[in-house]
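Working notes, structure below.
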Amino acid sequence: MTAPLRFLGGKGGVGKTTLAAALALRDAGRGLRTLVVSTDPAHSLGDVLDRPLGDEPRAVAPGLWAAEVSGEAQAARRVAQIVDDAAESVPREVLPAVRAHLERAVASPGTVEAALLDRLADLVEQVPSTFDRLVVDSAPTGHMLRLLTLPDLVTPWIEGLARSRERARDADRMFAGMLGHRADDPDPLLERLHARRDRMRTLRTRLRADAAVHLVLVPERLVWAETQRAIEALDEAGIPLATAVVNRVVPGDETGLLAVTRAAQDEVLGAVRARVGNAVEIPLLAGGPTGAAGLTGVAALLGDLG
Ligand SMILES: Nc1ncnc2c1ncn2[C@@H]1O[C@H](COP(=O)(O)OP(=O)(O)OP(=O)(O)O)[C@@H](O)[C@H]1O
Ligand SMILES: [Mg+2]
């Protein structure tokens with residue numbers, strides 16, 4: 001498995017963040033310049049890595065950088081840019097109203113989602129120039145699927161906007177020609193639309209060609225049901241699936257309550273093996289994988305993950 005873009009996805013609480021951090025640590029240890037990024041609004045990557053993280057990648061270990069990105073931060077950055085631009089062209093007294101209007105627009109859910117996609121496109125564009133590998137600690141299943149398929153929805157929409165704008169410009173040109181004027185001035189709006197369209201097309205292609213999703217699950221019936229739906233949704237979207245990770249598997253030699261738990265897990269494990277074949281199994285670790293040593297320990301168990 002050589003996909004440079006890895007997404008860790010799965011139901012809430014199954015171990016995505018822990019495994020994303022462990023995978024990134026392992027890859028960095030193999031000499032790959034690795035960036036691990038959380039796109040989950042409820043970030044916990046910084047807690048797992050025991051470092052405060054922000055929107056910009058920070059070095060956290062040799063060959064390893066980490067960030068916690070958000071649609072809100074990206075949208076706010078855009079607003080700041082637009083207000084800066086507007087400061088040049090809009091009267092000073094109007095600026096507060098422009099800012100207030102943009103800030104209201106930023107709060108709308110569609111804007112935040114689109115901005116997060118934009119940030120993801122930014123990061124994907126940095127592979128392979130700045131990073132060899134991008135590991136994404138995703139939000140729980142539904143959000144991840146939505147993010148990964150959003151370029152498919154957004155691209156035709158931007159194409160439509162660009163076409164309308166092209167038609168409007170062609171009509172302007174025709175009238176200008178009839179009046180004997182030349183009208184081939186640059187059209188910044190159309191240029192922005194084309195740039196955005198190309199960016200989304202590239203992201204859409206790269207999510208099929210260079211990306212793979214490692215679904216993480218714990219061996220419980222409800223979690224497995226959700227995982228199967230995710231497998232189908234990813235298949236349908238044409239996004240490659242990589243080796244799944246079954247986390248918190250109770251060791252086979254336990255007794256008492258844990259033995260009963262393991263017996264229940266065995267049923268699910270059988271179904272998982274039948275469906276996805278070569279899943280990597282991570283044992284239930286007493287007290288959880290804590291600290292750097294805990295993460296290194298999990299990283300060492302990721303052997304066949306590719
Ligand atoms: N193999 C394991 N054995 C024991 N505990 C584990 C194991 N893997 C993860 N944990 C613990 O399970 C909890 C949830 O893990 P984590 O935060 O990585 O899951 P998540 O899928 O990212 O959750 P969320 O959906 O809330 O983001 C953490 O307390 C973590 O330390
Ligand atoms: Mg998490």
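Owing to the predicted nature of the structure, the values given are computational and were not obtained by experimental measurement. In listed order, ligands and their atoms are each counted from 1. The analysis underlying the following values was restricted to heavy atoms, covering all of them including side chains, and did not include hydrogens, waters or symmetry mates.
The shortest contact between atom 3 (N) of ligand 1 and any protein heavy atom is with Leu285 N, 2.9 Å. The shortest contact between atom 19 (O) of ligand 1 and any protein heavy atom is with Gly15 N, 3.0 Å. At the top of the distance list for atom 24 (P) of ligand 1, counting protein heavy atoms only, stands Gly13 N, 3.4 Å. The protein heavy atom nearest to atom 31 (O) of ligand 1 is Pro289 CD, 3.6 Å. Nearest non-hydrogen protein atom to atom 8 (N) of ligand 1 is Asn247 ND2, 2.9 Å. The protein non-hydrogen atom at the shortest distance from atom 27 (O) of ligand 1 is Asp40 OD2, 3.4 Å. The shortest contact between atom 12 (O) of ligand 1 and any protein heavy atom is with Arg248 NH1, 2.9 Å.
A salt bridge is absent between Asp132 and Arg30: the closest approach of a Lys/Arg side-chain nitrogen to an acidic carboxylate oxygen does not fall below 4.0 angstrom. At a threshold of 4.0 Å, the pair Asp27-Arg6 does not count as salt-bridged, since none of the basic side-chain nitrogens sits closer than that to a carboxylate oxygen. In this structure, Glu254 does not pair ionically with Arg262, as no charged nitrogen and carboxylate oxygen lie closer than 4.0 Å. Looking at Glu56 and Arg119, a side-chain N of the basic residue comes within less than 4.0 Å of a carboxylate O on the acidic one, giving a salt bridge. The pair Arg167-Asp170 fails the salt-bridge criterion, with no side-chain N (NZ, NE, NH1 or NH2) lying under 4.0 Å from an Asp/Glu carboxylate O. A salt bridge is defined here as a Lys NZ or Arg NE, NH1 or NH2 lying under 4.0 Å from an Asp or Glu carboxylate O, and Arg201 with Glu159 meets this definition.
Of the candidates Leu285, Ile282, Val14, Asn247 forms a side chain to side chain contact (heavy atoms under 4.5 Å, CB included) with just one, namely Ile282. No option in Asn278, Leu215, Leu302 other than Asn278 meets the side chain to side chain contact (heavy atoms under 4.5 Å, CB included) test with Thr243.
Neither the backbone nor the side chain of Val298 has a heavy atom within less than 4.0 Å of ligand 1. By the criterion of a heavy-atom distance under 4.0 Å, neither the backbone nor the side chain of Ala42 is placed next to ligand 1. Under 4.0 angstrom from ligand 1, the non-hydrogen atoms of Thr17 come from both its backbone and its side chain.
One finds the CD atom of Glu113 at 12.5 Å from the CG atom of Asp118 (value rounded to the nearest 0.5 Å). With rounding to the nearest 0.5 Å, the separation of CH2 in Trp65 from OG1 in Thr34 is 8.0 Å.
Shown in contact with Gly288 at under 4.0 Å from a heavy atom are these atoms of ligand 1, numbered in order with element: 4 (C), 5 (N). Of all atoms in ligand 1, numbered sequentially from 1 with element shown, those under 4.0 Å from a heavy atom of Pro283 are 1 (N), 2 (C), 3 (N). Close contacts between ligand 1 and Gly12 involve ligand atoms 25 (O) [criterion: under 4.0 Å to a heavy atom].
Atom 29 (O) of ligand 1 lies below 4.0 Å from none of the non-hydrogen atoms of the protein. Under the 4.0 angstrom criterion, atom 6 (C) of ligand 1 counts as having a protein heavy-atom contact.
In summary, no N, O or S atom of Ser44 is located under 2.8 Å from the Mg ion (ligand 2).
Not a single heavy atom of Ala21 sits less than 4.0 Å from an atom of ligand 1.
In terms of hydrophobic clustering, with Ile, Leu, Val, Met, Phe, Trp and Tyr side chains grouped at heavy-atom distances under 4.5 Å, Val268 and Val260 are assigned to different clusters.
Where the criterion is an N or O separation shorter than 3.5 Å, residue side chain and backbone included, Ile282 fails it with respect to ligand 1. Here's the thing with Thr18: one of its N/O atoms is less than 3.5 angstrom from an N/O atom of ligand 1. At under 3.5 Å, not a single nitrogen or oxygen of Asp137, backbone or side chain, sits near a nitrogen or oxygen of ligand 1.
Without hydrogens or angle criteria, Glu72 side chain to Val112 main chain gives no donor-acceptor distance under 3.5 Å.
Taking each of Lys16, Lys11, His43 in turn, the one with a heavy atom nearest to atom 25 (O) of ligand 1 proves to be Lys16.
Inter-residue side-chain proximity for Asp40 and Glu68 is flagged as unmet; no heavy-atom pair is nearer than 4.5 Å.
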